[in-house]
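Report on one structure; see the data block that follows.
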Protein chains: 2
Amino acid sequence: MATSKVYIEILWQIRRIIEEDGLQAGDRLPSERELSDRLQVGRSSVREALRALELLGLIETRRGEGTFIKEFGDHQLIHLLGTFILQGKREKDDLKETKILFEKMCLSLACMRMTDEKWQKMHQIVTEEQVDYESFFKWIVEATDNYLLLRIWLVLNDFFTCVEADVSFPSSFYEGMLLALGQRQSEKALELYEQFVVQNLSKTK
Amino acid sequence: MATSKVYIEILWQIRRIIEEDGLQAGDRLPSERELSDRLQVGRSSVREALRALELLGLIETRRGEGTFIKEFGDHQLIHLLGTFILQGKREKDDLKETKILFEKMCLSLACMRMTDEKWQKMHQIVTEEQVDYESFFKWIVEATDNYLLLRIWLVLNDFFTCVEADVSFPSSFYEGMLLALGQRQSEKALELYEQFVVQNLSKTK
DNA sequence: GAAGTTAGGTGGTCAGACCAGTTTGGTTGT
DNA sequence: ACAACCAAACTGGTCTGACCACCTAACTTC
């Protein structure tokens, strides 16, 4: 076996246990002491594996209760990775560009997949509440019906808030965008995006 | 302090040490025992933090030598995350769609930013060596001059290889794509992409 | 039956021990 | 003087046992 480190091996064993026992998000894993027993390794090695999984956001530990499988989420990870990676101007510019490209992509797709129900829901949100850009665009990405796109966007957005202050737009932006989405006019939506979002971001450089 | 766990605190301290001492990729971190001393915590807690960083691919440990800062890379992370996340058909379909959208996006951008030097290099690769899709498209993404795009694509691609067998295309695909890129004709490049890649992927569902 | 208490289980942390590698510098032999 | 060798002093890798803080459930008491 090439993998020499015990904690890596434990990770795969835990993965196996989850599969064999049919554990799902929210379920409890065996306790650290039991894993240490079952796998014939020290408890500290088990903990090293669990800590890594925790930082990845794959599990959650509650003192006195146990270790639980989590719905895949970000957790501490994003913020930490952000400070490790986003150090120079180059990285920040790359992030800005990537976010813009990615959002345009999602916007087009959301336009194509817009349905009346989704639109009603968004319409309700925009008119009733005081919307901000972040939650508004989250709705758009969700409208793509692609959970992975949403996950990536959430990460990009989280990173982005590490380096840039919050932005806000006039209600005309949200209304116009909503209209374009409702009429499935992706060109119009992209135009609005360019006009408001891209303009706004390039001036704050 | 809201952050109760010691190992999380250690993560931030390590981050601080890297910054204050001006450490860069390839440099050695203080030893586990020294960190344990300096931060006034147990060595096992230090190790829990280091193991997590290692799994994230941010550091590399070599027995007998020490702990070193790594160029941000994937490592064990992708494969492990893959088995945790990519379980159902839904997730796999999302991944496929995301990869296609993302590659189209990169293709357009690479077309816009193509230079003679880049093109010469790619031309050389395609004609001299036996290229595969993976390394060919990596060149394209690199041609965007956006390191973050490359990072995301590498992750998507790694995940993708977890669920799908390798693909190969006739040399006419690579040559045509190269031509389109050289002439900065993004429409033509996208058309080729649709014709070969998308077609190929949808039939293997 | 309800309230309070206790015992056992859980994660959180630490200290110490030992093993297994690498590096370094001194010793030895030529 | 030079080379080869070897031992000491690092490094990470792992295990054990101990203690704490916290939660839960079962038991006791009223």
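Every chain is numbered from 1, with letters handed out A, B, ... down the list of sequences.
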Given salt bridge (Lys or Arg N to Asp or Glu O under 4.0 Å), test B:Glu54 with B:Arg51 step by step and report yes or no.
-> CA-CA 5 Å; B:Glu54 185 179 51; B:Arg51 262 357 86 217; 3.1 Å; yes
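In summary, A:Glu34 and A:Arg38 engage in a salt bridge, as defined by a charged side-chain N under 4.0 Å from a carboxylate O. One finds a salt bridge joining A:Lys118 and A:Asp145 here, because a Lys/Arg side-chain nitrogen approaches an Asp/Glu carboxylate oxygen to under 4.0 Å. Between B:Arg62 and B:Glu60 a salt bridge is recorded (basic side-chain N to carboxylate O distance below 4.0 Å).
Atom pair B:Ile10:CD1 and C:dG12:C1' shows a separation of 12 Å (rounding to whole Å applied). Atom CD1 of B:Ile8 and atom C1' of C:dG11 are 14 Å apart (whole Å). A:Glu48 places its CD atom 7 Å from the P atom of D:dT14, with the value rounded to the nearest Å. Atom CZ of B:Arg47 and atom C1' of D:dC15 are 11 Å apart (whole Å).
Scored by the side chain to side chain contact (heavy atoms under 4.5 Å, CB included) test, A:Ser44 finds no partners at all (sequence neighbours excluded). Annotation: side-chain hydrogen bond (donor to acceptor under 3.5 Å, both in side chains) contacts of B:Glu20 (sequence neighbours excluded): B:Arg16. Every residue meeting the ring pair (Phe, Tyr, Trp, His ring centres under 6.0 Å) condition with B:Phe196, not counting sequence neighbours, appears here in chain and number order: B:Phe173.
Counting all heavy atoms, side chain and backbone alike, A:Met114 lies closest to A:Leu181 at CG-O, 3.5 Å.
The side chain of A:Arg63 lies closest to D:dC22, out of D:dG12, D:dC22, D:dC15. If you check D:dG13, C:dT22, C:dT13 against the side chain of B:Glu65, the one that comes closest is C:dT22. For A:Ser45, whose side chain is taken as the heavy atoms from C-beta onward, the closest listed nucleotide among C:dG12, D:dT14, D:dG13 is D:dT14.
If you check residues 27-43 of chain B against DNA chain C, the residues with a heavy atom closer than 4.0 Å are B:Arg33, B:Val41, B:Gly42, B:Arg43, listed by number.
Residue pairs meeting the side-chain hydrogen bond (donor to acceptor under 3.5 Å, both in side chains) criterion with at least one member in residues 97-106 of chain A, sequence neighbours excluded, are A:Glu97-B:Arg113, A:Glu97-B:Asn146, A:Thr98-B:Asn146, A:Lys99-A:Glu103, A:Glu103-A:Tyr133, A:Glu103-A:Trp153, A:Glu103-A:Tyr193, A:Lys104-A:Glu194.
For B:Arg62, no side-chain nitrogen or oxygen approaches OP1 or OP2 of D:dG13 to under 4.0 Å.
Residues A:Ser44 and A:Gly64 both approach DNA chain C. Their nearest nucleotides, taken by heavy-atom distance, put A:Gly64 toward the 5′ side.
A rotation axis mapping the C1' atoms of four pairs onto the next four is fitted at both ends of the helix from C:dG1-D:dC30 to C:dT30-D:dA1 over five pairs, and the angle between these axes is 30° to 10 degrees.
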